[in-house]
Protein chains: 2
Amino acid sequence: MSDDRTITIDDVAKLAGVSRATAGRVVGNYGSVSEKSRERVWDAVRQLDYQPNLIARGLRSQTTKTIAVIVGSIRNTYSTALVYAVEKEAQKKGYNVLICTTHEDIEKELKHLKDLNSRKVDGVILMSAYRADANMDKKYKEFYISKLPIVFVDRSIPGINRDVIQSENFDASYKATKYLMDMGHRKIGIIATSNFSTVQERIKGYKAAFANAGIEYDESLIASVDELSDKMSRKVCHEFLEEHPDITALYILNNSLCSGVLLDLKERQMKIPQDISLLVWDDEEYNELLDITTIEQPITEIGKQATRRLFELIGEPEETTDFECKKLDPELIIRKSCTLPKYRK
Amino acid sequence: MSDDRTITIDDVAKLAGVSRATAGRVVGNYGSVSEKSRERVWDAVRQLDYQPNLIARGLRSQTTKTIAVIVGSIRNTYSTALVYAVEKEAQKKGYNVLICTTHEDIEKELKHLKDLNSRKVDGVILMSAYRADANMDKKYKEFYISKLPIVFVDRSIPGINRDVIQSENFDASYKATKYLMDMGHRKIGIIATSNFSTVQERIKGYKAAFANAGIEYDESLIASVDELSDKMSRKVCHEFLEEHPDITALYILNNSLCSGVLLDLKERQMKIPQDISLLVWDDEEYNELLDITTIEQPITEIGKQATRRLFELIGEPEETTDFECKKLDPELIIRKSCTLPKYRK
DNA sequence: TTGAAAGCGCTAACAC
DNA sequence: GTGTTAGCGCTTTCAA
């Protein structure tokens, strides 16, 4: 149509016969303008099909109306449910959401954090890739406590005093283990992921259940899968069961390990629950179909509360000294994958 | 530490004892500077922990080193695999990826496109929510052919002459249908999603297979699920099978419909493939476990090629008049969910 | 309620 | 190789 130059607020102002400032006030919806000016400006906007340049606005106003959510992977129903909840909540406030993935690599996480800071996002929801056994570089640590508002979700970092919203992992794990023990299971094999804070808490709950029942547990009954792929979890499961054929129940600490485990069980022609009981963290679309007993985390609620908290932080000009650590209760959904151990029957 | 003011390139320049321009050249890695200056600037950067302001850089350079990928949902293995492939490719070029979801709502798609334009992303990978039966507002249409580089993926919009990378849906659907027909199936029920271009092509392939065999097909054997949820696909499947108890094979055009269908089949205690055959588009983690025969699309390759093409478009200053429409071949993965129809045995 | 002017932090153009 | 200057498009004083 007209010429190719990008249309700016000045063009709008000129056409509307007002100053740039007034046009800006109308489009940006701030300050006060007369009804008449407002109309004329909107008319001009429509006529020119003016699109405000958010980059320029961001530079000037020092706020981008964007938050970020950092998760390990986008190919995981749990993370994905979190992202979904965050987006939903953010949309209500008119914020955009930037999704970042770490592939559970803490270096990538820090890179993202740095980049997001440079991009001037207003805040971050962080499901950290930090592992309990990692040594946290001092410089990194400083980063987590910078001025950028952050709400931790699911996983926390010891020594970093910032808001955390997560599941009550210890209790839920205690109850789940007790549920299996009450059925008579003693050889309960754990298949875990890397050493995230959540995993630690769940293992503590497991151990506490044993301790409380006055039964010794076998430290070798804990297997770890470092790479979250079907192939890897299948392999780990395979070796684990080879080494410990006396295991009567499998307690899987992460849904993304489940299909690999099931594939190995299928190969061995082991039936669930006749040959082995199965209990899994996080509900999956297929868990209902396969009748798998599950610990379901309130991830939608976690995402919602985390986002709300983040907006509180963004709202406050000064950094607040006090922080919350909220724990929400998961729910044990009993289906049909757990029964008495074989030898008991 | 020092005072709270944000650190800019001017601070770095001052500390390094060079001009702002030189400092900028070092940090932004452009132009030429002496080794000596370079060192001094980097020293200053480290000392001050300077983080460049990407907003300012974007405003000035008119490029954000960011592309966006728009998909229907983030809770779908197919979309998610696409996003993954795009991210991987973008990372190589040092680009960031903004993930946007439309929930298959064309209005949301346009809103995103507008916003991304305002945000000055450098380009967009678009899995459009456009449905064949929608009437495309002229103004919308103009948007798709704007200056913003876009590469369509998976789904195309008729009349929009831009690059498209997608599966060869017609052929693959033809082959899959023929595979079932060769087994003796005549009552093949389709469970489809909304009327996306891909769905249309797949149905055409299905019809062609019938036509080619000189067999009439029954138009009522096509069911549509408008809302992609387990609950909904389960319900549609239920009513569909009630109405057509003579169906011997189910041909599901989208993986996210599958678990709902399986749930209904389970409720009816119908065994696969003894009671009914099943063939599904898109591979899922659980398809291998459940031995479901699948049409696997080369989504990773699609994402890769689309991203590369997008970078080509971004590279070229003028809008190219010619566009590509590339079609990649899906693969039929034969497992055990299809067999002879019951009456044949 | 409005307009003029300043300036957010950076890079590009141009001179030296 | 380096510095000076202008200005990306907007919002925000400040004064009228």
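Every chain is numbered from 1, with letters handed out A, B, ... down the list of sequences. Just so you know, these numbers use all the heavy atoms, side chains as well, and skip hydrogens, waters and symmetry mates.
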Near-strand residues of residues 28-36 of chain A, defined as heavy-atom separation under 4.0 angstrom from DNA chain C: A:Ser32, A:Val33, A:Ser34
Please report the distance, rounded to the nearest Å, between CG in B:Leu59 and P in C:dT11. 11 Å
Give me, pair by pair, the N or O atoms of the protein and of nucleotides 3-7 of chain C that are less than 3.5 Å apart, along with how far apart they are.
from	atom 1	to	atom 2	distance (Å)
C:dG3	OP2	A:Ser19	N	2.8
C:dG3	OP2	A:Ser19	OG	3.0
C:dG3	OP2	A:Thr22	OG1	2.7
C:dG3	N7	A:Arg25	NH2	2.7
C:dG3	O6	A:Arg25	NH2	3.4
C:dG7	N2	A:Arg60	NH1	3.3

Please confirm whether the backbone N or O of B:Arg75 pairs with a side-chain atom of A:Thr80, one donor and one acceptor, at under 3.5 Å? no
Just how large is the angle between the end axes of the helix from C:dT1-D:dA16 to C:dC16-D:dG1, five pairs per end, to 10 degrees? 30°
Who passes ring pair (Phe, Tyr, Trp, His ring centres under 6.0 Å) against A:Tyr130, sequence neighbours left out? none
Assess whether atom NZ of A:Lys111 is packed by more than 12 heavy atoms of other residues, nucleotides or ligands within 6.0 Å. no
Does any residue of residues 9-16 of chain B have a heavy atom under 4.0 Å from DNA chain C, and if so, which ones, in number order? B:Ile9
Partners of A:Ala16 by side-chain contact (heavy atoms from CB on, under 4.5 Å), sequence neighbours excluded? A:Val18, A:Arg40, A:Val41, A:Ala44
Would you list the atom pairs, donor with acceptor, under 3.5 Å between side chains in residues 95-105 of chain B and any protein atom, with sequence neighbours excluded?
from	atom 1	to	atom 2	distance (Å)
B:Asn96	ND2	A:Asp115	OD2	3.4
B:Thr101	OG1	A:Glu87	OE1	3.2
B:Thr102	OG1	B:Glu104	N	2.9
B:Glu104	OE1	B:Arg155	NH2	2.6
B:Glu104	OE2	B:Arg155	NH2	3.1
B:Asp105	OD1	B:Glu107	N	2.9

Contacted region of DNA chain D by chain A, from 5' end to 3' end of the hits, cut-off under 4.0 Å to heavy atoms, spans D:dG9 to D:dT12
Is the shortest heavy-atom distance from the side chain of A:Lys120 to the side chain of B:Asn53 under 4.5 Å? yes
Over 12 non-hydrogen atoms of neighbours within 6.0 angstrom of NZ in B:Lys14: no
Taking side-chain hydrogen bond (donor to acceptor under 3.5 Å, both in side chains) as the definition, give me every residue that meets it alongside B:Asp154, ordered by chain and number, with sequence neighbours left out. B:Tyr78
Side-chain contact test, heavy atoms from C-beta onward, threshold under 4.5 Å: evaluate it for B:Glu89 versus B:Arg308 and give yes or no. yes
Side chains of B:Glu109 and B:Leu126 in contact at under 4.5 Å (non-hydrogen atoms): yes
Mind checking what makes salt bridge (Lys or Arg N to Asp or Glu O under 4.0 Å) contact with A:Asp11, not counting sequence neighbours? A:Arg5
Gap between atoms CG and P, on A:Asn117 and C:dG9 respectively (whole Å): 13 Å
Partners meeting ring pair (Phe, Tyr, Trp, His ring centres under 6.0 Å) with B:Phe152 (sequence neighbours left out): B:Tyr144
Taken in chain and number order and not counting sequence neighbours, the residues that satisfy ring pair (Phe, Tyr, Trp, His ring centres under 6.0 Å) with B:Tyr50 are none
Contact between A:Val86 and A:Ile67 at the side-chain level, heavy atoms closer than 4.5 Å - yes or no? yes
How many whole angstroms separate atom CG of B:Asn53 from atom C1' of C:dC10? 8 Å
Within the structure, does a side-chain N or O atom of A:Ser37 lie under 4.0 Å from either OP1 or OP2 of C:dT2? yes
Heavy-atom side-chain contact between B:Lys65 and B:Val121 under 4.5 Å: no
